[in-house]
Engineer: 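One structure is given below, represented as structure tokens, and several questions about it will come after.
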Amino acid sequence: MFPLFLAAQADKKIKQRFFAGDSVAQKINDFKDSVARADSLKRDEEAQRNIENIVAIQNENKARQKRAAFTRIGIGLSFLALLIMGLLRRRKLQKR
């Protein structure tokens with residue numbers, strides 16, 4: 001009778017340890033999942049920030065290129081005006 005009692009007690013202890021370990025394992029897995037989610041969110045935020053920075057840099061470069069293009073166009077028009085003025089002046093001198 002006593003061995004049966006010890007076996008039953010041992011079985012209860014084994015079950016308790018098994019289920020306790022299972023809940024601990026579940027808690028560990030939940031913790032790992034929460035850490036993974038936090039890391040994932042952090043990576044997503046960093047990626048979003050990097051994308052926004054890249055877009056901002058691209059917009060700045062486009063604006064700089066646009067300004068440079070308008071400057072070149074302005075210089076070209078100025079030289080065209082000088083050329084036209086020179087040709088008109090030469091024409092007037094040849095008519096005299």
Side-chain angles (χ1 to χ4, degrees):
M1 192 87 178
F2 188 68
L4 285 173
F5 178 73
L6 287 177
Q9 290 296 325
D11 189 40
K12 284 182 182 178
K13 287 182 181 179
I14 290 172
K15 285 182 180 178
Q16 286 175 351
R17 285 185 183 170
F18 178 75
F19 288 119
D22 189 38
S23 66
V24 170
Q26 182 64 35
K27 288 179 184 177
I28 290 172
N29 285 338
D30 291 343
F31 179 73
K32 285 181 182 178
D33 289 342
S34 66
V35 169
R37 270 187 249 116
D39 286 343
S40 176
L41 288 174
K42 187 175 179 181
R43 272 187 257 122
D44 290 345
E45 289 172 358
E46 288 177 8
Q48 184 65 30
R49 241 181 291 129
N50 289 338
I51 290 171
E52 289 172 359
N53 288 337
I54 289 170
V55 169
I57 290 169
Q58 286 177 342
N59 289 338
E60 289 173 9
N61 287 338
K62 284 181 184 178
R64 191 175 299 130
Q65 288 174 351
K66 192 174 182 180
R67 259 184 272 125
F70 283 128
T71 303
R72 289 187 190 106
I73 290 171
I75 291 171
L77 289 174
S78 300
F79 282 128
L80 179 64
L82 283 173
L83 176 68
I84 291 172
M85 286 176 21
L87 290 175
L88 289 175
R89 193 173 206 190
R90 180 183 280 182
R91 189 184 227 186
K92 285 182 183 177
L93 288 176
Q94 286 178 355
K95 282 187 178 180
R96 283 187 181 190

Engineer: Out of curiosity, L83 CG to L88 CG, how far, rounded to the nearest 0.5 Å?
Structural biologist: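 Taking CG in L83 and CG in L88, the distance rounds to 9.5 Å.
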Engineer: CD/Q94 to CG/L87 distance, rounded to the nearest 0.5 angstrom?
Structural biologist: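 So the CD of Q94 and the CG of L87 are separated by 10.0 Å.
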Engineer: Once you round to the nearest 0.5 Å, how far does CD1 of I73 lie from CG of L80?
Structural biologist: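 So the CD1 of I73 and the CG of L80 are separated by 12.5 Å.
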Engineer: Enter the distance from I54:CD1 to R49:CZ here, rounded to the nearest 0.5 Å.
Structural biologist: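 Answer rounded to 0.5 Å: 13.0 Å.
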Engineer: Do the side chains of F70 and I75 join up, straight or via other hydrophobic residues, at under 4.5 Å, putting them in one cluster?
Structural biologist: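 Result: no, two separate clusters.
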Engineer: Under a 4.5 Å cut-off applied to non-hydrogen side-chain atoms, are I28 and K32 in contact?
Structural biologist: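 Yes. Closest side-chain heavy atoms under 4.5 Å.
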Engineer: Looking at CD of Q58 and CG of N53, how far apart are the two atoms once the value is rounded to the nearest 0.5 Å?
Structural biologist: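 Answer rounded to 0.5 Å: 11.5 Å.
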Engineer: Distance only, no hydrogens: is a donor on one side chain within 3.5 Å (strictly under) of an acceptor on the other, for N61 and Q65?
Structural biologist: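 Checked: N61/Q65 side chains show no N/O donor-acceptor pair below 3.5 Å.
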Engineer: For S78 and G74, indicate whether the former's side chain and the latter's backbone hold a donor-acceptor pair under 3.5 Å.
Structural biologist: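 Yes, because the side chain of S78 sits within donor-acceptor range (under 3.5 Å) of the backbone of G74.
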Engineer: Could you walk me through whether D30 and Q26 pass side-chain hydrogen bond (donor to acceptor under 3.5 Å, both in side chains), step by step?
Structural biologist: CA-CA 6 Å; D30 291 343; Q26 182 64 35; 3.1 Å; yes
